[in-house]
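See structure below.
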Amino acid sequence: MENPEKNTLSEVFFPKSYDFKEKEEKWRKIWTDTKLYEFNYQEGKPTFTVDTPPPYVSADHLHAGHIMSYTQAEFIVRYKRMQGYNVFYPMGFDDNGLPTERFVEKKYKIDKSKITKSEFIDLCLKETEKGIETYRNLWNSLGISVDWSKTYSTIAPLPTKVSQWSILDLYEKGLIYKKELPILWCPFCGTAISQSDLETKERDSKMNYIKFGLSDGSTGIIATTRPEMLPACVAVYFNPTDERYVHLKDTEATVPLFDFKVPIRTSDAVDKEKGTGLMMVCTWGDQEDLEKWRLDNLPTKNLITEDGKITELGGKYQGMGIEEARKAVITDLSEAGILEKQESIIQSVNVHERCDTPVEFVLSKQWFIKITDNKEKWLEMGKKINWFPSHMFNNYEIWVDSLKWDWCISRQRYYGVPFPFWICQDCGEVIVPRKEDLPVNPFEQKPPVDICPKCASKNIEPEKDVMDTWATSSCTPFLLREIVGKPELFPVDVRPNAHEIIRTWDFYSVVKSTMHFNSVPFKNLMISGHGLDEQGRKISKRLGNYTPSDKLVEEYGADAIRYWATGAGLGQNLRFNPKEIKKGKQISTKLWNVARFIMMYDQSNNNSAEPAFEHADKWISEELNKTIEEATKHFEGYEYAKAKMAIEEFFMSKFADYYVEFVKYRLNGEDDASRNAALTILKKTFCNILKMYAPIIPFITEELYQYFKEEKEERTIHTSPWPKVIKSMEQIDISDFNEALTTIDEIRKYKSENQISLGAEIPEYKLNTKVNLDKYGLLVGKVGKVNRFI
RNA sequence: GGGCGUAUAGCUCAGUUGGUUAGAGCGUUACGUUGACAUCGUAAAGGUCUCCUGUUCGAGUCAGGAUACGCCCACCA
């Protein structure tokens with residue numbers, strides 16, 4: 001500085017503008033160094049445990065949507081911390097299972113035949129490490145207050161132990177079984193999947209009308225999108241009331257190309273209007289086939305192998321892929337004149353959500369958890385949870401209603417938590433470890449017995465499958481307490497997540513906690529919406545319609561982006577909006593300047609006169625009380641957006657626009673008692689504003705808090721107590737203060753209309769509005785710079 | 001086909017239990033100010049509160065229906 005003497009004290013403390021890069025960096029470091037967010041259990045202090053979604057490692061596409069959803073939850077966490085809760089806020093990473101494998105396969109363009117299992121797992125571990133690092137850096141830069149010392153990854157020993165314990169417990173309770181059934185299979189990933197892994201995709205397809213030979217020598221036309229399933233055809237159906245076909249009852253049809261006979265049956269479930277009214281059933285082309293097979297004891301014809309090829313059942317088509325076989329069959333049908341016609345249609349197909357491959361039914365032996373026979377229980381437990389927003393419970397309810405199969409939890413993959421089982425190859429007996437030996441790796445460890453307890457065979461092999469990613473992550477509610485060894489942390493207080501994983505993570509967590517402990521896994525569920533781009537499209541990696549998160553923080557600063565995240569209520573989608581981010585910066589600037597203003601007077605004030613409070617002081621204090629009440633109520637209901645609005649209305653419209661103006665004459669005046677009162681109220685009120693803003697914009701509030709906190713207060717705003725309503729100045733009556741406000745507005749308006757500077761003094765002014773001049777004459781006169789009222 | 005959500009100013013959104021002339025911010029326009037303020041102030045323009053029907057003295061708010069968009073689920077012969 002060229003002329004340090006000329007600067008006021010406040011300018012030494014407060015540079016003219018707020019440098020968010022420097023300050024955010026500074027506080028980030030201090031918070032980390034002082035282990036501010038580290039959880040230490042304290043007897044008697046209420047805890048608040050947060051079960052944050054463990055993301056997958058594919059962290060290269062973090063965007064504003066991720067920021068939004070994690071930040072919105074974090075507002076509440078910070079609020080709870082200030083409310084005096086001992087917050088346990090660990091972060092986990094879901095680094096096992098198919099999502100990670102798919103990510104690594106894609107990134108390294110892996111040819112599975114040219115890489116060993118251990119090389120592959122090493123790559124998965126490496127990517128996991130990188131993913132965790134990316135998240136940690138971004139979360140830190142955003143000021144997400146997780147306790148990094150309690151980070152878990154789902155494949156580490158403790159989570160593995162908990163997942164395996166869970167499986168063992170379910171096994172002992174008879175709630176898990178291994179059985180050969182037609183199951184959902186992804187031919188691309190080469191693994192069983194579950195109903196919740198499905199997604200619906202529309203695609204262009206052809207409806208093929210195929211001639212079947214009938215026993216009376218005529219032909220029947222069957223419409224199908226899957227002619228390659230013909231060799232697996234086991235029956236033909238029509239509706240019993242369908243006049244066109246009644247004569248066919250109990251006769252046979254001849255399957256074209258393959259020339260074998262199948263029975264013709266009736267079923268009420270056949271829709272006369274769909275297709276031709278004649279329907280072929282194959283084992284198993286779709287859901288309907290499966291139903292008929294199950295109900296009518298139809299034979300099983302397994303046409304598709306686990307890698308999506310046609311089996312020997314397909315004759316000349318054996319070994320072809322499904323699409324390839326379909327084309328070949330259509331060509332052959334067409335050449336043989338059996339294809340009546342083809343129509344182009346748009347077909348919805350179930351695909352595996354990880355790879356978009358249409359799923360198939362294949363007969364396979366898998367592990368299942370029993371979930372279909374007690375839907376009422378899942379609904380009952382779901383209702384015991386507080387859903388924020390409440391209508392999100394509908395999604396849960398619909399999902400439970402639509403459950404068709406038990407939860408298939410085994411996956412034919414490499415990178416995941418192994419089942420804690422060995423299997424007797426002769427009698428199929430399942431051999432389990434002792435619980436105290438968990439976690440176990442059956443591939444490397446010997447079973448607890450050398451011979452099968454059932455058949456005395458020595459032919460015992462490890463269970464080769466690994467667990468579904470949700471089978472492990474659904475354990476987090478009872479994993480968290482294990483991390484710190486405190487049983488009372490279950491059920492957790494809040495789980496925040498986006499709505500697309502209600503049917504997986506949330507539902508499966510309810511299932512497991514119910515089965516193990518007959519308890520809900522979490523008391524409160526906070527469901528966030530999606531981040532949208534500026535045009536309102538969902539932000540997605542595929543569209544590439546986003547700025548990477550680290551760039552956003554770099555450009556705008558953490559506080560500004562967090563501020564943007566308050567723009568939509570919980571569960572609502574939020575558009576990316578640079579203007580709102582700039583608004584966040586504006587609020588920071590305003591806070592900064594108000595602080596500079598107050599400190600300028602505070603630093604130069606050196607008298608200790610007893611403060612004499614005035615009407616304006618009482619007024620702003622009452623307004624503060626109202627705001628505290630409102631903000632508290634909103635934060636309690638997870639309505640951070642409304643809390644922000646209440647705080648902002650008070651800060652901008654009441655405090656900065658009015659109160660600060662009201663006290664300027666007192667700050668510059670000679671009355672020490674009055675000046676001290678104004679300063680006291682300015683500082684106290686501003687400090688409370690900072691505290692209320694702290695959960696939303698933690699950096700600037702922390703910086704300014706250092707100047708406004710009282711000696712005995714916490715060193716950091718983030719563990720300082722949340723503001724409380726304090727009644728004071730009871731002897732001052734401000735029931736008619738609104739008249740003073742109206743009068744001041746009137747004078748401002750008068751000056752503006754008459755092109756008089758607001759700072760200009762006017763000798764006399766005739767009031768239109770009614771005001772008690774004995775009471776408010778000084779205030780109105782000084783603020784309006786009017787010397788005399790007439 | 002079933003369910004849920006959203007629909008208010010050019011844009012982003014508030015509108016509590018139905019109660020006068022429907023609000024804020026941003027943007028636009030005009031004028032003014034600029035010694036806490038990469039500001040600020042005063043004002044203007046801008047809305048048949050998606051549509052229809054009903055309940056009511058009175059509906060943005062309640063009921064029924066419709067439309068559009070988004071999501072969940074089902075169906076996909």
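None of these values were measured; they are calculated from a predicted model.
In this structure, A:Q287 does not reach the B:rA77 phosphate: none of its side-chain N or O atoms is under 4.0 Å from OP1 or OP2. Residue A:Q603 places none of its side-chain N or O atoms closer than 4.0 Å to OP1 or OP2 of B:rA36. The side chain of A:K404 contributes an N or O atom lying less than 4.0 Å from OP1 or OP2 of B:rA74. Taking side-chain N and O atoms only, A:T200 has no distance below 4.0 Å to OP1 or OP2 of B:rA74.
Atom CG in A:L682 sits roughly 11 Å away from atom C1' in B:rA36 (whole-Å rounding). The CH2 atom of A:W399 sits 16 Å away from the C1' atom of B:rG2 (whole-angstrom rounding). Taking atom CE of A:M279 as the reference point, atom P of B:rC75 lies 12 Å away to the nearest angstrom. Atom CG in A:N350 sits about 9 Å away from atom C1' in B:rC76, given to the nearest Å. One atom, CD1 of A:I581, and another, C1' of B:rC26, lie 14 Å apart when rounded to the nearest Å. As rounded to whole Å, 13 Å separates atom P of B:rG70 from atom CG of A:D533. Between the C1' atom of B:rC72 and the CD atom of A:E199 lies a distance of 12 Å, rounded to the nearest Å. What separates CG of A:N208 from P of B:rC76 is a distance of 17 Å, to the nearest Å.
Aromatic ring centres of A:W407 and A:Y508 lie closer together than 6.0 Å. With ring centers used as reference points, A:F576 lies under 6.0 Å from A:W564.
Nucleotides B:rG46 and B:rC11 are separated by 16 Å at their P atoms, to the nearest Å. Separating the C1' atom of B:rG58 from that of B:rG18 is a span of 8 Å, rounded to the nearest Å. B:rU17 and B:rC26 have their P atoms separated by 29 Å, given to the nearest Å. Here the separation of B:rA43 from B:rC52, taken at their P atoms, is 35 Å to the nearest Å. Rounded to whole Å, the P atom of B:rU48 lies 9 Å from the corresponding atom of B:rA9. Comparing the P positions of B:rA14 and B:rA30 gives a spacing of 32 Å, expressed to the nearest Å. Atom P of B:rC4 sits at a distance of 11 Å from the matching atom of B:rG65, rounded to the whole Å. Nucleotides B:rU8 and B:rU56 have their C1' atoms positioned 23 Å apart, rounded to a whole Å.
In this structure, a donor-acceptor pair under 3.5 Å is absent between the side chains of A:Y707 and A:D602. For the residue pair A:H352 / A:E199, no side-chain donor-acceptor distance below 3.5 Å is found, with atom types taken as modelled. Of the N and O atoms on the side chains of A:S194 and A:D197, at least one donor lies less than 3.5 Å from an acceptor on the other residue.
In this structure, A:K626 is not positioned above the aromatic face of A:F650 in the sense of NZ or CZ being under 6.0 Å from the six-membered ring centre and within 45° of the axis. Figure legend: cation-pi geometry between A:K664 and A:F597, with NZ or CZ positioned under 6.0 Å from the six-membered ring centre and within 45° of its axis.
The partner of B:rG18 is absent, by the rule that a Watson-Crick or G-U pair needs both atom distances under 3.5 Å. Nucleotide B:rC76 forms no Watson-Crick or G-U wobble pair with any nucleotide shown, as no partner meets the under 3.5 Å limit on both distances. Both distances falling under 3.5 Å, in either a Watson-Crick or a G-U wobble arrangement, place B:rC40 opposite B:rG32. The pairing partner recorded for B:rC71 is B:rG3, the criterion being a Watson-Crick or G-U wobble arrangement whose two distances lie under 3.5 angstrom.
Within the 4.0 angstrom heavy-atom criterion, only backbone atoms of the sugar-phosphate kind lie near A:T225; the bases stay farther away. Residue A:D401 is out of contact with every strand shown, counting any heavy-atom pair closer than 4.0 Å. Using a 4.0 Å heavy-atom distance criterion, A:V660 is classed as a base contact. Nucleic acid contact for A:K751: none, since no nucleic acid atom lies under 4.0 Å from a heavy atom of the residue. In this structure, A:E648 reaches neither bases nor backbone, as no heavy-atom distance under 4.0 Å exists between it and the strands shown. No contact: A:A646 has no heavy atom under 4.0 Å from any strand.
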I need a per-nucleotide contact map over nucleotides 4-22 of chain B, read 5' to 3'. Cutoff is protein heavy atoms under 4.0 Å; write B for the base, S for backbone only, - otherwise. SSS-----S-SS-------

At under 4.0 Å between heavy atoms, which parts of nucleotides 38-44 of chain B does protein reach? Answer with one letter per nucleotide, 5' to 3': B base, S sugar-phosphate only, - none. B--BBS-

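Taking the six-membered ring for Trp and thresholds of 30 and 60 degrees, A:F393 and A:Y396 have nearly parallel ring planes, at less than 30 degrees apart. The aromatic rings of A:Y659 and A:F655 lie parallel to each other, their planes meeting at an angle below 30°, with 60° marking the opposite boundary. Between A:F708 and A:F686, the ring planes lie perpendicular to each other; the angle is over 60°, past the 30° to 60° tilted range. The aromatic rings of A:Y245 and A:F238 are tilted relative to each other, their planes meeting at an angle between 30° and 60°.
Taking each heavy atom of A:R226 and A:G285 in turn, the nearest pair found is NH1-O, 3.2 Å.
Closest to the side chain of A:M600, from the set B:rA36, B:rA77, B:rA74, is B:rA36.
When each of A:S348 and A:A656 is assigned the nucleotide of RNA chain B bearing its nearest heavy atom, the one mapping closer to the 5' terminus is A:A656.
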